[in-house]
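Written out below as structure tokens is the structure these notes cover.
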Number of protein chains: 4
Amino acid sequence: MGDSVETQERIIQSAIKLFAQKGYHGTKTIEIAKDCGVAEGTVFKYYSTKMELLRNVLSKIIHEIIPGLILQPEGEVQKLVAAHDAEAAKAFLKAKVKRISENFSAFKILINELQYHEDIKNEYFSVLVPGVIKMVEGFYNAGRLQGFFRDINPHIAVRSFIGAVNMMVLDKNVLNRDLDVEAELEVIIDIYLNGVGTQAVQDAGIVKEG
Amino acid sequence: MGDSVETQERIIQSAIKLFAQKGYHGTKTIEIAKDCGVAEGTVFKYYSTKMELLRNVLSKIIHEIIPGLILQPEGEVQKLVAAHDAEAAKAFLKAKVKRISENFSAFKILINELQYHEDIKNEYFSVLVPGVIKMVEGFYNAGRLQGFFRDINPHIAVRSFIGAVNMMVLDKNVLNRDLDVEAELEVIIDIYLNGVGTQAVQDAGIVKEG
Amino acid sequence: MGDSVETQERIIQSAIKLFAQKGYHGTKTIEIAKDCGVAEGTVFKYYSTKMELLRNVLSKIIHEIIPGLILQPEGEVQKLVAAHDAEAAKAFLKAKVKRISENFSAFKILINELQYHEDIKNEYFSVLVPGVIKMVEGFYNAGRLQGFFRDINPHIAVRSFIGAVNMMVLDKNVLNRDLDVEAELEVIIDIYLNGVGTQAVQDAGIVKEG
Amino acid sequence: MGDSVETQERIIQSAIKLFAQKGYHGTKTIEIAKDCGVAEGTVFKYYSTKMELLRNVLSKIIHEIIPGLILQPEGEVQKLVAAHDAEAAKAFLKAKVKRISENFSAFKILINELQYHEDIKNEYFSVLVPGVIKMVEGFYNAGRLQGFFRDINPHIAVRSFIGAVNMMVLDKNVLNRDLDVEAELEVIIDIYLNGVGTQAVQDAGIVKEG
DNA sequence: TATGAATGAGCATTCATTCAT
DNA sequence: GATGAATGAATGCTCATTCAT
């Protein structure tokens, strides 16, 4: 029933679902098998060990799922920056964060499992992180050239924003607080662009432009 | 050799160390025993099950370790705000973040294990999170009354800053990048207080004071 | 090799054998596994804990083995009573006691283990005991109506006979005395029917009929 | 507090109590220690192993407790027989059975543990059983010579009575039925002396005297 | 190819026993 | 003598993995 490629895919999907819910060690292979309606042996037909299955899950997450959620088609970011349309940029960002929040499983597995598998961490993180950083730093630099962003270390600038957004997503997904992602994002973007300091503080601080 | 309270404490310390390194499931009870130089049976004398040991570890982390790293004696934060001394406040913050970064094990265990233990999450998170939030929101509100901070939802304001700092700590501790915590914090604080937007952007945006 | 039902049955049979020989606590799960030629894990495939295996053993003993040894098809006892054939009745009894004596393991486990498991005792004893009592008291009452037995509390009457027989079976099976079950039964039945008192004693005692 | 002999005795008493309640394997040495208010190590000061403690318990049961419950001062039984007083004999028996029923722990331990310890069984059973048998068979033979009892194999005669009484005691102590020991004994003795068969049956059976 | 019964190494847990104080 | 903290061999139980069908 269904060809073997489809079976393989169903196994991966069940593994993602359960690894996210219960962790790698907390998930039994028989649970994965039952979840996708195959026999335990079938899982091992496609993935010789459970660790091999984890590797495939992480590979899919890093090469397909997360890029699909985060990365943009070439030039789209540039176009957005070039458009000088703040509202369009915000809408774009909101849609992206919303999708990420709704597909948090992939991130959860990544964050949890990479900690304990130095080799996988090196193998895959070296692929994903630079790609994302390149993209968002590219965005920041483009904005900077356009005169939107201050001349700050782009890695820190970008990481800080991601951190603020990430904390909101965790607030929603881990602490299960009932947040309106879009409304929260509005405030986060405001803080990010304008800071929390009053004019007085800002005057006493770093001069923004010149 | 040594009284039983000391033995108990040694077991907890080894458990914290190893749970942080290898995760709960990845740590064998005999490893904990060997790490602190007792027999395996001794571990079970004090903690009837491995899960019970985890509960005690989490309890210690939440009731002692993290409060010791984060919370301040009554009034100290107020004093800092009242002093109108930005440098002192920064120094205070740097010292705090540095300590947290240096004692990251506790946070790692908390973040990793609470995900899979809904009951423990409810039991303990309800203690820790409100305490920290109260403290930092108190700080933000105090600063706001002093005219330092804008009138923004303090939960989001504070969470965003913690998120930015947190991401830096992860950058250092999980990705093992070689960061100068103090220098990074300088930039993060700058971003937080002043935003990343240029004057032009800010002029087009929300009016800060009025 | 053999289907799973057969494996389950082999495990139960080995458990009965070994629990009878060495007691529940005295029997290791690996011994049961080896005795029936499976791996230790296989035992736990079918019976999630050793206690669960004991419950199944007791259940089988109570619902199948002992009823198979003791209970009679409907009406057979009545027929025997109606036949007025003392020799046939004796032969029937001898055959029954012999089978019980030869299959004493089941009784041994029952007697030994139920003592320590109040819940199992209630669960199962409430099934077995009333069934047996009903059968034998039915037999006694039928014989009484036929004029064979005196008008004595049937519970005590029956229990006394069972006690006498039981003691003989224990004498043989626990003390390992080399007894001829049939010959012993002859004497026990004689005592039971006629008492041990001489005519003089009986004359001084309860008048039998009148 | 208390001399060492008394401590030893308290340990034995606790062991008897708990072995009867939960079995030898089901009783932990620390439970025995707590039950009699000493440290676990103290138990091992007096009895080098748990098995050694069991041996001492069984020894006490066989050499002291059960003889104290069962055996009679020399000649007392003879006197009772010689007195030709059925009521006195019955009263004597009732008192004895009642005491046995009330002190059933000792028997429980004996019955349960001897099964699994062939060496102990041989060592001690060889002492107790012949003593009891000798006494009761002596009683039966004395009664036979006095013309009270029929000329039946005294071992079987006596064992049958003990079996009937024993079953009543089990009925009370194991099945927890609420029985009046004395009233039950009346009926059992009646059955034992007179049989359950009617005159017709007895006439058709073995001639009692001749 | 798919199955699921069977496997057994690995691990948590128990508890009689030891021994320094 | 008495204590009770510490021990570690013994054992119940788990679960990834194998393989005959």
Side-chain angles (χ1 to χ4, degrees), chain A residues 1-4 7-8 24-34 37-54, chain B residues 1-8 11 25-34 37-53, chain C residues 1-8 11 25-33 37-53, chain D residues 1-4 7-8 24-34 37-53:
Chain A
M1 210 192 299
D3 63 13
S4 68
T7 300
Q8 251 185 82
Y24 172 73
H25 281 293
T27 304
K28 297 168 202 166
T29 52
I30 195 163
E31 291 175 328
I32 296 170
K34 277 185 181 159
V38 301
E40 206 169 1
T42 305
V43 173
F44 288 93
K45 267 272 171 319
Y46 293 104
Y47 306 98
S48 59
T49 65
K50 192 186 172 189
M51 183 54 74
E52 183 61 22
L53 175 57
L54 175 60
Chain B
M1 210 189 303
D3 64 12
S4 71
V5 173
E6 196 223 74
T7 301
Q8 250 185 84
I11 293 169
H25 282 293
T27 303
K28 298 168 205 162
T29 53
I30 197 167
E31 291 174 330
I32 296 169
K34 276 186 181 158
V38 301
E40 204 170 2
T42 304
V43 173
F44 287 94
K45 258 254 136 77
Y46 294 105
Y47 306 99
S48 58
T49 65
K50 194 184 167 191
M51 182 55 73
E52 182 62 18
L53 175 57
Chain C
M1 211 187 300
D3 62 14
S4 70
V5 174
E6 198 224 71
T7 301
Q8 253 185 81
I11 293 168
H25 282 294
T27 304
K28 298 168 206 162
T29 53
I30 197 167
E31 291 174 330
I32 296 169
V38 300
E40 202 171 4
T42 304
V43 174
F44 288 96
K45 257 255 134 82
Y46 295 105
Y47 307 99
S48 57
T49 64
K50 194 183 168 192
M51 182 56 72
E52 182 62 20
L53 176 56
Chain D
M1 211 191 301
D3 64 13
S4 69
T7 301
Q8 249 187 85
Y24 172 73
H25 281 293
T27 304
K28 297 168 202 166
T29 51
I30 193 163
E31 291 174 328
I32 296 170
K34 276 185 181 159
V38 300
E40 206 169 0
T42 305
V43 173
F44 288 92
K45 267 273 172 315
Y46 292 105
Y47 306 99
S48 59
T49 65
K50 192 185 171 189
M51 183 55 73
E52 183 61 21
L53 175 57

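Residue numbers start from 1 in every chain, and the chains themselves are labelled A, B, ... in the order their sequence lines are given, proteins ahead of strands.
- Taking only side-chain atoms of A:T49, from C-beta outward, the nucleotide of E:dA2, E:dT7, F:dT17 with the closest atom is F:dT17.
- Ranking E:dT3, F:dA2, F:dT7 by closeness to the B:T42 side chain, first place goes to F:dT7.
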Intra- and inter-strand pairs of DNA chain E in dot-bracket (Watson-Crick or G-U wobble, both distances under 3.5 Å; | for another strand): .||||||||||||||||||||
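- Residue D:A39 has its side chain nearest to F:dT3 when only F:dT3, E:dA12, F:dT7 are considered.
- Residues satisfying the salt bridge (charged side-chain N to carboxylate O under 4.0 Å, His left out) criterion with B:E52, sequence neighbours excluded, are absent altogether.
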Distances for protein N or O near nucleotides 18-21 of chain E N or O, under 3.5 Å:
none

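- Nearest heavy-atom pair across C:T27 and C:K50 is O-NZ, 2.8 Å.
- Whole-Å rounding puts the B:Q8 CD to F:dG4 C1' distance at 14 Å.
- Nucleic acid contact for C:Y46: sugar-phosphate only, since backbone atoms but no base atoms lie under 4.0 Å from a heavy atom of the residue.
- Of the residues in residues 24-33 of chain D, those with a non-hydrogen atom less than 4.0 angstrom from any atom of DNA chain E are D:T27, D:K28, D:T29.
- With sequence neighbours left out, the side-chain hydrogen bond (donor to acceptor under 3.5 Å, both in side chains) criterion links B:E31 to B:K22.
- With sequence neighbours left out, the side-chain contact (heavy atoms from CB on, under 4.5 Å) criterion links B:Y46 to B:S4, B:T7, B:Q8, B:I11, B:T42.
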